[in-house]
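Please read the structure below before turning to the comments.
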Amino acid sequence: MFYHYKNVIDEGDLVLVFISRTTIKPIYVKKGEILNTRYGHYLHDKMIGLKFGTQMPGEKGYGFIHLLHPTPELWTLSLPHRTQIVYTPDSSYILQRLNAKCGSRIIEAGTGSGSFTHAFARTVGLKGKVFSFEFHEPRYLEAKKEFEEHNLKNTIITHRDVCNDGFNIDMEINGDIIFLDLPSPWEAIPHLNTVIANQAGICCFSPCIEQVDRTVKALEANGWVNIEMVEINVKRWEARKDMKRSVVDVINRIKSIQGKKLNNKISKEDSKNFKSSRKSLKVKEGDENFKWTEVTKLETELKSHTSYLTFANKICSLNIQ
Amino acid sequence: MTDNIEIGQYVLIRLPSEGVRIFKLQENGRIGLGKFGSFDVSSILGFPLGTAFEIINDHKVKPIHSISELNIDEETDTNIQKQELTKFFSSSAENNQNIIDIGSKIQALTNEDIEELKTSGATSNIGQVIIEKMIAGHEGFDKKTIFSQQKYLKRKQQKFLRRFIVEYLGSSQLLESFLEKDHSKTFDLSIETLGLMMSYGNVKPGGRYLVVDETGGILTYALLERMGYEGTIVFVHENEHANLAALKYCNRSNEIDNIVKPINWLQFAEPENEREKWEDKTEEEVRKLKHPESYHRRRERVLKTNEVIDLIEEANFDGFFAISTLYLPEIFELIIPKIGGSRPIVIYNQFKENLMEIQSLLNKDNRVLAPMLIETRARPYQTIPGRMHPVMTMKSGGGYVFYGTRVFPSESIQAVGKGVKRRRVNNETASPEGTPELKKEKEEKIESTPEVIMES
Ligand SMILES: C[S@@+](CC[C@H](N)C(=O)[O-])C[C@H]1O[C@@H](n2cnc3c(N)ncnc32)[C@H](O)[C@@H]1O
């Protein structure tokens with residue numbers, strides 16, 4: 001399902017249930033089961049035959065969910081975290097910058113929670129291959145099971161400490177894109193020489209600048225060139241409306257209040273104006289009875305640093321060191 | 001795709017001064033790089049794309065390790081030289097107070113000096129030789145701090161080293177060269193933003209996409225790379241012919257016609273009127289025609305148009321992508337129904353305000369789930385061990401991306417939503433608006449449910 005879209009939900013399908021922007025729950029549709037959420041419960045039986053993308057009402061007549069088709073990007077938001085993961089702003093840049101595309105051959109270590117693995121697998125497609133390595137056994141087993149359940153046919157995961165034992169497996173790897181997300185990439189880099197294609201690009205993903213330092217030195221020592229580190233900054237904006245509060249209205253209101261104090265009578269009309277200006281907070285944003293400016297606001301939770309991305313290239317046949 | 005440099009190919013040439021240029025490799029061609037010199041195409045053929053070269057004499061080149069290193073020769077004496085130079089710089093570290101302007105001294109090196117050096121055969125060393133010569137003739141030089149000396153060295157080197165890289169010309173590289181020449185052509189689109197569009201758009205081999213691309217085809221090129229030149233792109237455009245100039249660089253032009261299907265906005269908006277009637281003539285009839293070629297041409301064109309119209313009517317696209325200066329809210333009614341369930345809608349604009357309008361509009365449209373407005377910027381660093389810091393100047397811009405997911409709202413939920421809303425409205429009461437609010441209530445209902453949920 002990560003390689004092709006399906007239109008209709010069948011039994012056994014992985015469905016990403018969109019409950020809210022912060023809650024996306026992966027389920028496998030199975031006859032007889034019930035999905036319980038804070039917003040009602042939902043019968044799997046009724047999901048079968050619905051189109052992906054359907055908004056489904058709760059059994060008790062309240063609440064709803066959306067039944068979404070899995071994508072690597074939604075999976076990233078819904079997967080069970082076993083480690084820190086790579087998010088879409090970083091992974092999308094790495095894919096584009098390293099020219100990942102149909103047919104690319106990826107080497108990834110460590111697998112971690114498999115977040116990026118899915119994006120790689122989708123992007124390189126069935127003509128490509130993803131070789132992922134993880135040394136932590138329970139994590140390796142979890143990921144292996146998950147990739148099988150998700151039918152990631154182009155992905156091969158190996159239980160291995162790549163820093164000590166390298167990347168060689170019983171298969172030709174010939175990787176042209178390498179992604180290292182582990183604490184000491186500089187220990188893994190020397191082992192790459194035997195498994196990379198003649199032309200290869202690498203990205204090492206490390207949160208600390210000291211790690212970048214050591215990584216750059218290791219890359220240089222192993223014949224990698226065009227070394228450049230970048231950082232991705234991402235912001236999410238929200239469309240909002242800000243009330244246009246008129247000074248003229250304020251002046252008129254003051255006038256009328258003063259007038260009323262004199263006359264001791266407040267009309268209904270006046271009290272409405274009064275509310276609109278003073279208690280603008282009570283008015284629903286965008287209320288058609290008021291004037292608004294269209295504005296944007298940064299979404300409150302901001303990931304301001306994930307990791308540094310160190311890129312480099314290597315051409316093996318010209319290994320002049 | 002071939003991985004080696006070949007005749008007939010378009011390639012990107014990257015210069016040490018960080019400029020890039022595009023060239024087509026012609027048989028017996030010679031490529032001029034201005035002050036960097038020129039070289040024969042034949043001398044780079046067969047090397048892997050990505051190889052760095054240095055121009056030696058007689059328009060010949062030799063492959064080198066990297067364009068940025070101080071010295072590329074393997075001989076030990078140059079290594080020693082390099083070490084010496086490094087040591088020299090290290091021992092001369094002092095604080096900035098002692099930096100003096102050596103600009104004039106550099107100028108003291110005459111053009112003839114430089115020319116002489118350039119043609120002296122020591123081309124691979126030229127930058128270094130020049131630098132050494134300048135250092136030798138200048139006492140104040142060691143008063144500069146290491147930092148400024150290195151910067152200075154790098155600048156000088158860039159000026160004199162006749163090195164370049166021949167790269168694969170992918171969508172990222174093509175965009176890079178557009179950005180350098182005229183970024184308004186591509187509306188400030190950056191590589192990171194293009195990448196974000198590809199990922200949020202879940203672009204994959206063999207996909208089937210509805211695309212508006214006014215960049216001349218950069219977006220389309222990126223899609224094609226990801227699709228592996230398989231699948232379908234319905235390309236909606238506003239002129240007589242689609243502008244896909246960028247695709248000529250992809251070195252696969254013959255495959256593109258089967259994948260990229262242009263259609264103009266009129267055909268897109270009114271497919272039922274624009275479908276052309278066609279009946280094949282018999283072979284006999286064709287033979288009798290005065291101009292059978294024009295019959296065949298017309299036949300091909302009509303069938304092509306009708307084929308795209310079929311695709312539009314079939315709808316169920318795997319995603320909608322737009323980089324457009326058109327006012328898109330006007331056509332959402334046409335676009336949204338064409339997108340398959342749970343498929344992405346991805347719109348780029350250089351101005352946040354244009355996407356803000358789209359977001360607030362689609363916030364109220366229950367056919368699009370979780371509309372988002374995202375900005376991404378890559379910040380490059382000076383990548384030298386021990387001296388990492390963000391580069392001092394970088395390109396601004398990069399634009400914004402709108403992303404949402406096409407969904408199918410449920411009729412029955414609308415009723416529930418309404419009920420909930422009404423209760424809430426009644427409880428809050430105080431509202432002066434009474435009842436003439438049917439339209440408004442409908443809007444609020446749509447908005448209310450996701451929002452209630454979001455508070456969790
Ligand atoms: C931060 S996680 C990777 C997350 C992953 N990129 C994702 O998006 O889900 C790092 C992983 O590398 C693994 N790891 C660390 N050192 C390793 C080594 N030498 N060999 C293999 N895996 C290693 C860790 O066990 C951990 O699961």
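Residue numbers start from 1 in every chain, and the chains themselves are labelled A, B, ... in the order their sequence lines are given, proteins ahead of strands. Every value quoted in this text rests on a predicted model; they were computed, and no experiment measured them.
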task: Please examine the side chains of B/Met372 and A/Arg236, heavy atoms only from C-beta on, and report whether any two atoms are closer than 4.5 Å.
output: yes

message: Let me confirm one number: the OG1-CE distance from A/Thr88 to B/Met198, rounded to the nearest 0.5 Å.
response: 14.0 Å

- request: For chain B, find which of A/His4, A/Arg240, A/Glu210, A/Arg97 contributes the most heavy-atom pairs closer than 4.5 angstrom.
  value: A/His4

statement: Whatever's closer than 4.5 Å to a heavy atom in chain A on B/Glu357 counts as neither

Region of B/Arg208 in contact with chain A, defined by heavy-atom distances below 4.5 Å: neither

task: Find the distance between NZ (B/Lys204) and CG (A/Leu126) and round it off to the nearest 0.5 Å.
output: 10.5 Å

task: Taking all non-hydrogen atoms of both residues into account, name the closest pair between B/Pro385 and A/Lys217 and its distance.
output: CB-CE, 3.5 Å

task: Give, as side chain, backbone, both or neither, the part of A/Lys6 having an atom under 4.5 angstrom from any heavy atom of chain B.
output: backbone

field: Contact winner vs chain A - B/Pro205, B/Ala52, B/Gly341, B/Ser171, heavy-atom pairs under 4.5 Å
entry: B/Pro205

- prompt: Under a 4.5 Å heavy-atom cut-off, does chain A meet the side chain of B/Ile165, its backbone, both or neither?
  reply: side chain

statement: Which of A/Val216, A/Val230, A/Thr215, A/Asp213 passes side-chain contact (heavy atoms from CB on, under 4.5 Å) with B/Thr383? It is A/Val216

message: For A/Gln96, run the side-chain hydrogen bond (donor to acceptor under 3.5 Å, both in side chains) check against B/Glu225, B/Arg226, B/Glu192 and tell me which one passes.
response: B/Arg226

query: Is there side-chain contact between B/Leu49 and A/Gln199, with heavy atoms separated by less than 4.5 Å?
result: yes

message: Using a 3.5 Å distance criterion without hydrogens, assess whether the side chain of B/Ser342 forms a donor-acceptor pair with backbone atoms of A/His69.
response: yes

query: How many angstroms lie between atom CG of B/Leu373 and atom OG1 of A/Thr296, to the nearest 0.5 angstrom?
result: 7.5 Å

- request: With the side chain counted from C-beta on, respond yes when A/Tyr93 and B/Ile191 share a heavy-atom pair under 4.5 Å apart, and no when they do not.
  value: yes

query: Checking heavy atoms, do the side chain of A/Tyr308, its backbone, both or neither come under 4.5 Å from chain B?
result: side chain

message: Is B/Glu353 in contact with chain A via its backbone, its side chain, both, or neither, using a 4.5 Å heavy-atom distance?
response: neither

message: Closer than 3.5 angstrom, by distance alone: can the side chain of A/Glu231 be matched with the main-chain N or O of B/Ala378 as a donor-acceptor pair?
response: no

message: For a 4.5 angstrom cut-off between non-hydrogen side-chain atoms, does B/Ile374 reach A/Trp237?
response: no

query: Stepwise, does the side-chain hydrogen bond (donor to acceptor under 3.5 Å, both in side chains) test hold for A/Asn233 with B/Arg379?
result: CA-CA 7 Å; A/Asn233 294 134; B/Arg379 188 159 185 40; 5.0 Å; no

- prompt: By a 4.5 Å heavy-atom criterion (distance strictly below it), what part of A/Ala197 contacts chain B: side chain, backbone, both, or neither?
  reply: neither

message: Any non-hydrogen side-chain atom of B/Val407 less than 4.5 Å from a side-chain atom of A/Leu68?
response: yes

- prompt: Below 4.5 Å, heavy atoms only, C-beta onward: do A/Glu73 and B/Asn202 meet side chain to side chain?
  reply: yes

field: Between A/Thr123, A/Asn99, A/Leu95, the one whose heavy-atom pairs under 4.5 Å with chain B are most numerous
entry: A/Asn99

query: Does a side-chain heavy-atom distance below 4.5 Å link B/Tyr381 with A/Ile209?
result: yes

- prompt: Where on A/Phe18 is there a heavy atom nearer than 4.5 Å to chain B: the side chain, the backbone, both, or neither?
  reply: side chain

query: Does NZ or CZ of A/Lys51 fall inside the cone over B/Phe408's six-membered ring, less than 6.0 Å from its centre and within 45° of the axis?
result: yes

- prompt: Distance-only, no hydrogens or angles: does the B/Ser360 side chain make a donor-acceptor pair with backbone N or O of A/Ala239 under 3.5 Å?
  reply: no

field: Residue pair B/Met388, A/Val212: steps toward the side-chain contact (heavy atoms from CB on, under 4.5 Å) verdict
entry: CA-CA 9 Å; B/Met388 305 271 176; A/Val212 178; 3.7 Å; yes

message: Restricting to side-chain hydrogen bond (donor to acceptor under 3.5 Å, both in side chains), what partner residues turn up for A/Asp242, sequence neighbours left out?
response: none

statement: Value for CD (B/Gln359) from CD (A/Glu238), rounded to nearest 0.5 Å, stands at 7.0 Å

- prompt: Any side-chain heavy atom of B/Pro380 within less than 4.5 Å of one from A/Glu228?
  reply: yes

- prompt: Distance only, no hydrogens: is a donor on one side chain within 3.5 Å (strictly under) of an acceptor on the other, for B/Asn316 and A/Tyr5?
  reply: no

query: So what's closer than 4.5 Å to chain A heavy atoms on B/Val203: side chain, backbone, both or neither?
result: backbone

- prompt: With chain A, which of B/Gly50, B/Gly206, B/Gly170, B/Pro371 has the greatest number of heavy-atom pairs at distances under 4.5 Å?
  reply: B/Pro371

message: Does any backbone or side-chain atom of B/Met197 lie under 4.5 Å from a heavy atom of chain A? Answer side chain, backbone, both or neither.
response: neither

Which atom of B/Met356 lies closest to which atom of A/Val295, heavy atoms considered: SD-O, 3.2 Å

statement: Under 4.5 Å to a heavy atom of chain A? For B/Tyr400 that would be side chain

